[in-house]
Protein chains: 2
Amino acid sequence: MAAGVTIYDVAARAGVSIKSVSRVLNGEANVSPALRESVNTAVAELGYRRNLSARSLAGSSSSIIIAMVDEALTIEHWRSGRGNDYLSRLELGLLMECRQADYYLMVELVDYGAATLRRDLSAMLAAIRPEGVVLTPPNSDHPVVLDVLDEAGVAYARIGPERDLDRGVRIRMDERQAAEDITRHLIELGHRRLAHIAGPSAYSASRLRREGFEAALRKHGLAVDESLILEGDFTFQSGLQGVERLLALAERPTAVFAANDDMALGALQGAAAAGLSVPGALSVAGFDDTPSALFSTPALTTIRQPVAEMAAAAARRLVPTLRGEMPRSSDLNEETVPYQLMVRGSTGPLA
Amino acid sequence: MAAGVTIYDVAARAGVSIKSVSRVLNGEANVSPALRESVNTAVAELGYRRNLSARSLAGSSSSIIIAMVDEALTIEHWRSGRGNDYLSRLELGLLMECRQADYYLMVELVDYGAATLRRDLSAMLAAIRPEGVVLTPPNSDHPVVLDVLDEAGVAYARIGPERDLDRGVRIRMDERQAAEDITRHLIELGHRRLAHIAGPSAYSASRLRREGFEAALRKHGLAVDESLILEGDFTFQSGLQGVERLLALAERPTAVFAANDDMALGALQGAAAAGLSVPGALSVAGFDDTPSALFSTPALTTIRQPVAEMAAAAARRLVPTLRGEMPRSSDLNEETVPYQLMVRGSTGPLA
DNA sequence: CTGCGGGTTGACAGCGCTGTCAAACGGGGG
DNA sequence: CCCCCGTTTGACAGCGCTGTCAACCCGCAG
């Protein structure tokens, strides 16, 4: 069987040297068609596939892409027994792209809070020697991480970066504009008293979404009322509590835009608990389009963030074949992917 | 920096041979405490970490665990733009365990439907040389896969296997009993006319859950009415359609047990659309405890499947340190993890 | 007819580790 | 005091590839 087939076997079968086999496999120039042909035949016949370890040990390219996953977040998910939808979609995109480019995907936990982060990271990079790594928010902007990667000469793609916009490959979505769009959608439905349940201000996504919310209000001549802007922590619970506080106000809002779906779902439940019909008495909008957004009653109006596409784009730009083809100008290392406003049942005019 | 630190650097610093460093790092016997000490010091000072490729190339252990992911399923998720909660939780468990054991996690797509599956797999195993692989349902029982793994001498853990219960490490949950439990819960609430929306019969999980459902009915002296048993395909849509058909029956059921949460959520929505209050007029139960189960109104009664724990257990049993400590008796290669019945708002007595 | 240059191929030395085997060491019995 | 044997350590050969460099081939200009 294919187990144990080495480059020597292929070379012997094709009657050439191992170097020639290597050349064909790597698509190097100056190989005669005849040789290429016979090598390819031998490879196919033997079901040969190059050994990953040998390749990365001998050469400079390892064909490994690492998805760096926040350890603290993972432990939290572990404790709660829940999955991580964002990460799952991200990985989906990476996997699809890796398959195309014949790359391998490795997932690594990183303790971004560790005092030894710098050392941990560089040791990890030395151990695995990845060809590229993919960074996710909010760590796409982590200065130590970027520095270590630069020092190690490892290419990296940053999903949703906000700072240092000249470093690495950047894959972005216009969160500010998306938030503005969904807020405008609410305004156009006739709402004049809009509330926002923001995310933790440590996340730049939270800030941008809030900015978009406020910008939409201003553009439509509505005042920004600080008492209608609450800070949650991206959890269902905080959405629930947020809406409870909002509904306790003397002058209730008629529409709520939550900075993510989990909080919006919490708000939805809070509204139901308070006996308010949605969207008759209160409109609720979210952000992310998590699976649950579709399953709630009513289904949640939200912004569909193309996480998988962003990840695929990230991986694509880390693969050297493509990278080599384009100028290394830093402008071209940036890609902005389109979002989508998903209007569903949770938003509408007042009944 | 730590980048580029090799075993030679450590050996030089500690004033010993590279082999001694290797011995200490591998925890081999017959190493004097003094040597161990000085090597450990040097390792710490230099921030050294062994190179993965070199290790797996030279030795027999690669420290790599592969999660084999169904390619067809992944493409489907890719198309729909949705994440995969099951996979996400699985990975969570694997990651947590890999971190403990200092293992690496690699994710590989496998086209289980390919005619060349056998060859693809063995080429993949030859290329990566993983120390172990983790198989998920319904592929935990795939005979070709098991054969190739056996031939390649790669250890494997099977999540939720149903056949060949003497091969590999088996991590199971008593699906049948769980389904019986949740059905009994419905019966104890006073329901006598129970329906079941089953999963595709190709999945053994579907069969087991159905068996559990029927067993509970029989044990309580209720007849199994085939007209109340429908087959869905695990999607929200099919749950919705299923409940519509059930509610169109002359004699409606008062409780529905769906074989997974997505279908149960669909049923919930179908009930709402038909103007039925849940659980006042219809009780709905699911299976899996996906995130959405908590967010629906009312929250879904379901079986909490400890996917992450199962994955962690799988990884744990693939790690040789532990494996070596216990007898290789095939009985001890099996672990059954406990499920949990999560009673929430979607089930109750008739109003 | 000889020599030169570009295109093509192969020999060989590592990459950083582990496994094998032998050397060195040290303690107890004869 | 020497020998034997178990313990501790090190020298060295690969693992399966890629990178470097040299050898070889050919056609064409000189």
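By convention in this document, chain letters (A, B, ...) are assigned in the order of the sequence lines, proteins followed by strands, and residues within each chain are numbered from 1.
Rounding to whole angstrom units, NZ of residue Lys19(B) and C1' of dC12(D) are separated by 11 Å. Nucleotide dT18(C) holds its C1' atom 14 Å from the CG atom of Leu52(B), rounded to whole Å. Summarising the geometry, the separation between CG on Asn30(B) and C1' on dA23(C) is reported as 15 Å, rounded to the nearest angstrom. The distance between atom CG of Leu125(A) and atom P of dG16(C), rounded to the nearest whole Å, is 15 Å. In this structure, the CG atom of Asn51(B) is 10 Å from the P atom of dT18(C), given to the nearest Å. The nearest whole Å value for the distance from the CG atom in Leu57(B) to the P atom in dA13(D) is 17 Å. Here the P atom of nucleotide dT7(D) and the CZ atom of Arg36(B) are 15 Å apart, to the nearest Å. Atom CG in Leu35(A) sits about 13 Å away from atom C1' in dG7(C), given to the nearest Å.
Residues Val307(A) and Leu90(A) approach most closely at CG1-N, 3.7 Å, considering heavy atoms. Of all the heavy atoms in Ser88(A) and Ser88(B), the pair that sits closest is CB-CB, 3.9 Å. Pairing each heavy atom of Trp78(A) with each of Gly93(B), the nearest pair is CZ3-CA, 3.5 Å.
Classification of Asp141(B) and Arg167(B) as a salt-bridged pair fails, no side-chain N sitting under 4.0 Å from a carboxylate O.
Heavy atoms of Ser60(B) sit under 4.0 angstrom from primed sugar atoms or phosphate atoms, though from no base atom.
Of the two residues contacting DNA chain D, namely Arg23(A) and Ile7(A), the nearest-nucleotide position lying further toward the 5' end is that of Ile7(A). DNA chain D is contacted by both Val31(B) and Ala58(B); Val31(B) maps to the nucleotide lying nearer its 5′ end (nearest heavy atom per residue). Toward the 5' end of DNA chain C, the nearer of the two residues Pro33(A) and Ile18(B), judged by each one's closest nucleotide, is Pro33(A).
At dC15(C), none of the side-chain N or O atoms of Arg129(A) fall inside 4.0 Å of OP1 or OP2 (strictly under the cut-off). Side-chain N/O atoms of Tyr48(A) include one lying less than 4.0 angstrom from OP1 or OP2 on dC17(D). Within the structure, every side-chain polar atom (N or O) of Ser56(A) is placed at least 4.0 Å from both OP1 and OP2 of dC15(C). For dG10(C), the OP1/OP2 oxygens have a side-chain nitrogen or oxygen of Ser20(A) closer than 4.0 Å. The phosphate of dT18(C) (OP1 or OP2) has a side-chain N or O of Ser22(B) nearer than 4.0 angstrom.
Comparing dT9(C), dC17(C), dC17(D) by their closest approach to the side chain of Ser32(A) singles out dT9(C).
With no hydrogens or angles considered, a side-chain donor-acceptor pair links Arg55(B) and Ser63(B) at under 3.5 Å.
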